[in-house]
**Student:** 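The structure is given below, and queries will be raised subsequently.
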Protein chains: 4
Amino acid sequence: MPSGRPRDEDARIRILGSVVELVASRAPGQVTINEIARAASVGKQTIYRWWPSKTAVVLDALVEGTMKATPFRATDDIRSDFERHLRSVAVLFASPTGSVIRELVADAQSDPQIADEFRDRFWAPRRELSLDRLRRGVDLGRVRDDLDLEVVLDAVYGPMWLRLLIGHLPVRASDATAIGDAVWPGIDTGGDFGPETR
Amino acid sequence: MPSGRPRDEDARIRILGSVVELVASRAPGQVTINEIARAASVGKQTIYRWWPSKTAVVLDALVEGTMKATPFRATDDIRSDFERHLRSVAVLFASPTGSVIRELVADAQSDPQIADEFRDRFWAPRRELSLDRLRRGVDLGRVRDDLDLEVVLDAVYGPMWLRLLIGHLPVRASDATAIGDAVWPGIDTGGDFGPETR
Amino acid sequence: MPSGRPRDEDARIRILGSVVELVASRAPGQVTINEIARAASVGKQTIYRWWPSKTAVVLDALVEGTMKATPFRATDDIRSDFERHLRSVAVLFASPTGSVIRELVADAQSDPQIADEFRDRFWAPRRELSLDRLRRGVDLGRVRDDLDLEVVLDAVYGPMWLRLLIGHLPVRASDATAIGDAVWPGIDTGGDFGPETR
Amino acid sequence: MPSGRPRDEDARIRILGSVVELVASRAPGQVTINEIARAASVGKQTIYRWWPSKTAVVLDALVEGTMKATPFRATDDIRSDFERHLRSVAVLFASPTGSVIRELVADAQSDPQIADEFRDRFWAPRRELSLDRLRRGVDLGRVRDDLDLEVVLDAVYGPMWLRLLIGHLPVRASDATAIGDAVWPGIDTGGDFGPETR
DNA sequence: TACTAAGCGAGACGGTACGTCAAGTCTTTAA
DNA sequence: TTAAAGACTTGACGTACCGTCTCGCTTAGTA
């Protein structure tokens, strides 16, 4: 039985909220721990008690805030499911959360531990969902079964991620269709199974 | 006619060399200007005299060091040209230069000016070459003409870049073929024009 | 031959000056390094580059500022020399420097190294002068030669120091005479040698 | 009639005991409230419920622990009484309590309130006893009646206090005699009244 | 051959944020 | 209501880098 004052759950929420707010309000990487603490009306020590670094807080804020932001609709029209998902990814990337992700990927370059956690807690769960959907397509006989599915996913989501991180082009929900147009014909079996047909 | 002592070209070379060496030797983003200066046996001021910031040095080191590292072979077998190029990209990303690129993309997230310069000096020139190759394919009638070519390029190079930046999978030259297998069938016109045929 | 930018002597002077000013302006021990740095228009690092701790700065400020504040007049009238010296000590203790000394003695209680330095650099030189004067009195046959001179000095200066540190009574220059009246008759040989006589 | 759980008297004793123990075991001023609480197996709040600050606890520990440690023998041999007292003071200063006193005097330099309390509760009661003894000597005609008795006491006890606080010489019981030798001849009336004579 | 102008290595400078530490307060459960 | 436990806010600490500055010295071109 734990004794002593329990962790202040409200403080935790205020901290994560302030992180998203601050990261979105300026260039990522320009947010300081002091600012977060002040914005959340919290002592710096309270942050360091529960997170090992600023980036760890940002990661928590990201994971917590986007757990259900990009759901996958599961129909038998796999391509359509993906395009729909791509659209929700685009919306997410264009939102303040997009800045949080950029900040995090940047920090992950210099901290392998953050990189691991980012992949485990943010990337992998989403990836798994996409992979499931793709495998379902293979099972249905609508997606080729001779492909490296990891490569397929990288090709499908690559455009969105690259534009977020490189910035050579804007991230637009409307590109979801263009991605489908470019990638899907090479992916599907070409069979005519009704709703899958185009 | 300029008087005074001329710029020490050797110092410039030592600086750019030390940058690559140091960035490769540890987690990117952990390299300090002081270390670079010390490693290059150079005063810090000499760096700031010629570059506005540490990241600018890194960018120069990158541009200088990769000017000819990923050449594009130009044949009429477009797919083959791309796969060959992808292989050279993989080799580059796996080399110390890969770390330099990661460092730079990380820094670009927080500094729009760096982002601009990175795109102008590193990304765009390569992109242009790829785009030219792709347009040539369209002209030859071997690549579909109804596609958003930017999206196609993002899909083709996305896997390599994503693996470099996210690290969910290793960057391997052998994946070049898998990328071709997954993406190309949706790109080409399916016509039988000889060398292009598969 | 030293290379690099030389130490900024003006900064050193500003720092020591600000220390005295700040220590005098409030309760000793309430002065922070940040305040000193700000008041001296100096980076905190500049302080830490040259002194290991705040207290070391305070000690330097004290030693530097009082090197000649309490001179000893050397006549053959030993008692008179001491009373004069006691008066200058009282004046020193009542000045801002008094606060600096209190701060320093306080810090010395918790840091043996500071205590050593304080004794070596502030206490001992003054003590030596007093001891010399007293020995001269012995040589002249006007001060008893059967006494522990260290004890005598502690008894002579004890009242001033105790009042500075304990604060049970004010430090007044006029007490110099009272101290002479109380202690001297037990110290001198009682002989009548002219100016020494009372 | 008070309800609720009664104050734990044992906790109070454990706290004061731990303070003395801890202050003696390291450089004074390095003891934290957390350590005291832990050593006394007590919650920090229990300390703050009964004392306003850490230093107040230390003061209580001092006053409580030394209430009868330096008694004054009252005979008609005033000098002898003082020397005996000086010896007990030396013993006290050399004991763990000496460290407590040093800590307290140090803290008193930066906190006038602590300084007041220290003087009221520790210094003044002892001082009053000494003063009484000295006045008795005046009444007996064995101590000069033309002296500032406060100055006399500062001169008599100064050596012990100075050595405790400055540390230029050790505090030794044997110095009590040397102090008597140096100071007393100037204090007494020189008359031959039997036991007082030397 | 001197003089002038700029570059050079070195390292101190003012400044900002960091992550740690202790003080004193608050909030829980148990007695 | 008090106690132990321990989380809380606050604010100073000492460190690390940044980008700028100043020193003595070097390396050209100009006079």
Side-chain angles (χ1 to χ4, degrees), chain A residues 1-12 30-35 37-38 40-54, chain B residues 1-12 30-35 37-38 40-54, chain C residues 1-12 30-35 37-38 40-54, chain D residues 2-11 30-38 40-55:
Chain A
M1 67 213 77
S3 99
R5 177 174 176 172
R7 174 170 182 180
D8 184 344
E9 184 61 19
D10 187 55
R12 196 181 133 274
Q30 310 295 59
V31 180
T32 72
I33 283 269
N34 270 325
E35 275 177 318
R38 173 147 342 204
S41 299
V42 138
K44 221 186 335 176
Q45 190 61 53
T46 298
I47 297 180
Y48 283 108
R49 202 185 336 267
W50 303 112
W51 291 278
S53 70
K54 182 185 62 169
Chain B
M1 66 213 71
S3 100
R5 179 172 174 173
R7 174 171 183 178
D8 183 346
E9 183 61 21
D10 187 54
R12 193 181 137 276
Q30 309 293 55
V31 180
T32 71
I33 280 273
N34 274 324
E35 277 177 315
R38 171 139 349 186
S41 299
V42 139
K44 231 191 324 181
Q45 189 59 49
T46 300
I47 297 180
Y48 282 107
R49 204 183 338 265
W50 304 111
W51 291 276
S53 70
K54 180 185 65 166
Chain C
M1 67 213 75
S3 100
R5 178 174 176 173
R7 174 170 183 179
D8 184 344
E9 184 62 19
D10 187 55
R12 194 181 134 276
Q30 310 294 60
V31 180
T32 72
I33 283 270
N34 269 325
E35 277 177 316
R38 172 147 341 203
S41 299
V42 139
K44 223 187 333 178
Q45 192 60 52
T46 299
I47 297 180
Y48 283 109
R49 204 185 335 268
W50 302 112
W51 291 277
S53 70
K54 182 185 60 168
Chain D
S3 94
R5 180 170 171 173
R7 173 170 182 180
D8 183 347
E9 182 61 19
D10 187 54
Q30 308 294 54
V31 180
T32 71
I33 279 274
N34 274 325
E35 276 177 317
I36 296 171
R38 171 138 349 186
S41 299
V42 138
K44 232 194 317 184
Q45 189 57 49
T46 300
I47 297 179
Y48 283 106
R49 204 182 335 264
W50 304 112
W51 290 278
S53 72
K54 180 183 66 164
T55 317

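A quick note: this is a predicted structure, and the numbers were derived from the prediction, not measured. In what follows, every chain begins at residue 1, and chains take the letters A, B, ... in the order their sequences are listed.
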**Student:** Assess B/Arg7 against B/Trp50: is NZ or CZ under 6.0 Å from the centre of the six-membered ring, and within 45 degrees of the ring's axis?
**Tutor:**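 Yes, a cation-pi geometry holds between B/Arg7 and B/Trp50.
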**Student:** Give a yes or no on whether C/Arg49 atom CZ has more than 12 heavy-atom contacts from other residues, nucleotides or ligands under 6.0 Å away.
**Tutor:**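 Buried by this count: over 12 neighbours within 6.0 Å.
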**Student:** To the nearest Å, give me how far apart CD1 (D/Ile47) and C1' (F/dG6) are.
**Tutor:**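 Computing the D/Ile47:CD1 to F/dG6:C1' distance gives 14 Å.
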**Student:** Under 4.0 Å between a Lys/Arg side-chain N and an Asp/Glu carboxylate O for C/Glu9 and C/Arg12?
**Tutor:**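 Here C/Glu9 pairs with C/Arg12 in a salt bridge, since their nearest N and O are under 4.0 Å apart.
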**Student:** In B/S/- notation, 5' to 3', how is nucleotides 13-22 of chain E contacted by protein heavy atoms closer than 4.0 Å?
**Tutor:** BBB-BSBBBS
**Student:** Could you give the CG-to-P distance, from A/Asp10 to E/dT28, as a whole number of Å?
**Tutor:**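 Value for this atom pair: 12 Å.
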**Student:** Which atom names give the shortest non-hydrogen contact between A/Lys44 and A/Asn34, and what distance separates them?
**Tutor:**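 Heavy atoms of A/Lys44 and A/Asn34 come nearest at CE-OD1, 3.3 Å.
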**Student:** Nearest heavy-atom pair of B/Thr46 and B/Val42: which atoms, and what distance?
**Tutor:**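 That would be CB-CG1, 3.9 Å.
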